[in-house]
Structure formats: structure tokens, C-alpha cells
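Remarks on the structure that follows.
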Amino acid sequence: MKVVFLIIGLSCLLFSEVLKISFSRSASEPYVFIDKRELTGGVLKELMDALSKQSGIEMQYVLVSKRNQEKQMRNGTIDGSCLINPDDLLHPK
């Protein structure tokens with residue numbers, strides 16, 4: 001969760017208009033509710049929408065498979081990755 005706040009804080013400094021948050025089908029309900037490749041609800045969406053409202057930064061939700069989230073983060077395709085176990089990453093910090 002600290003990473004999410006850090007990402008949002010850095011984005012505010014960089015004047016980003018949209019923060020891309022990833023989610024995957026492997027995350028179970030109640031964390032994510034997915035309908036036709038769209039995040040329609042769940043704990044992740046509620047938290048990010050609340051942060052969006054407080055920070056004024058628009059959130060965009062991007063469907064990325066769990067195994068590709070680290071790669072997409074490095075490429076800059078996504079800005080944040082939630083509901084990930086650090087042990088699942090290739091290069092945990």
C-alpha cells in the first residue's frame with residue numbers, strides 16, 4: 001500500500017493527468033470484479049477511486065496478466081500494480 005501512495009505522490013509532482021493501475025484475472029472477488037475485460041468493482045477499484053477523488057488524478061484500470069505486470073511496469077505501460085505478492089516478481093526488492 002505504501003507503494004501506491006508513493007506512486008500517487010510522485011505522479012502529482014510530475015503533473016500526470018492519468019495514473020494507470022493494473023489488475024489481473026487471477027485476483028479473486030471481492031478484490032476485483034471483472035466484466036468483459038473491464039474492472040467494474042471490488043476493493044481495488046473502491047480504494048483507487050477514493051484516492052483519485054482525494055488527489056484529483058484520474059485512474060485508468062488496465063488488465064494485465066499477473067506474470068506480465070512487472071514487465072509492463074518497467075516498460076511504463078502501467079504506473080501501479082496492486083494485489084501482487086513480492087515473491088511472485090522476478091526481481092523482488
Review point. When I78 is tested against each of Q72, K71, E70, Q60 for side chain to side chain contact (heavy atoms under 4.5 Å, CB included), which residue passes?
Key: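 By the side chain to side chain contact (heavy atoms under 4.5 Å, CB included) criterion, I78 pairs with just one of Q72, K71, E70, Q60: Q72.
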
Check your understanding: Short question: side chain of D79, backbone of K20 - any donor-acceptor pair under 3.5 Å?
Key ->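 Such a contact is found between D79 side chain and K20 backbone.
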
Point to revise | Audit row: F23, L63, side chain to side chain contact (heavy atoms under 4.5 Å, CB included) steps and yes/no | key: CA-CA 5 Å; F23 66 97; L63 179 62; 3.5 Å; yes

Point to revise | Interatomic distance, S52 atom OG to L47 atom CG [nearest 0.5 angstrom] | key: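 One gets 12.5 Å once the value is rounded to the nearest 0.5 Å.
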
Review point. How long is the gap from CD on E58 to CG on L19, to the nearest 0.5 Å?
Key: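 CG of L19 is found 10.0 Å from CD of E58.
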
Exercise for review: Show your reasoning for whether side chain to side chain contact (heavy atoms under 4.5 Å, CB included) applies to S24 and S65.
Suggested key: CA-CA 5 Å; S24 70; S65 68; 5.7 Å; no

Practice item. Compare every heavy atom of V64 with every heavy atom of Q69, then report the nearest pair and how far apart it is. Key: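 Minimum heavy-atom contact is NE2-O, 3.3 Å.
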
Review point. So, do C82 and M48 sit near enough that their side-chain heavy atoms are less than 4.5 Å apart?
Key: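 Sidechains of M48 and C82: in contact.
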
Scan the side chains in residues 29-46 for donor-acceptor partners under 3.5 Å anywhere in the protein, sequence neighbours excluded, and list what turns up.
| residue | atom | partner | partner atom | Å |
| --- | --- | --- | --- | --- |
| T40 | OG1 | F33 | O | 3.0 |
| K45 | NZ | D49 | OD2 | 2.9 |

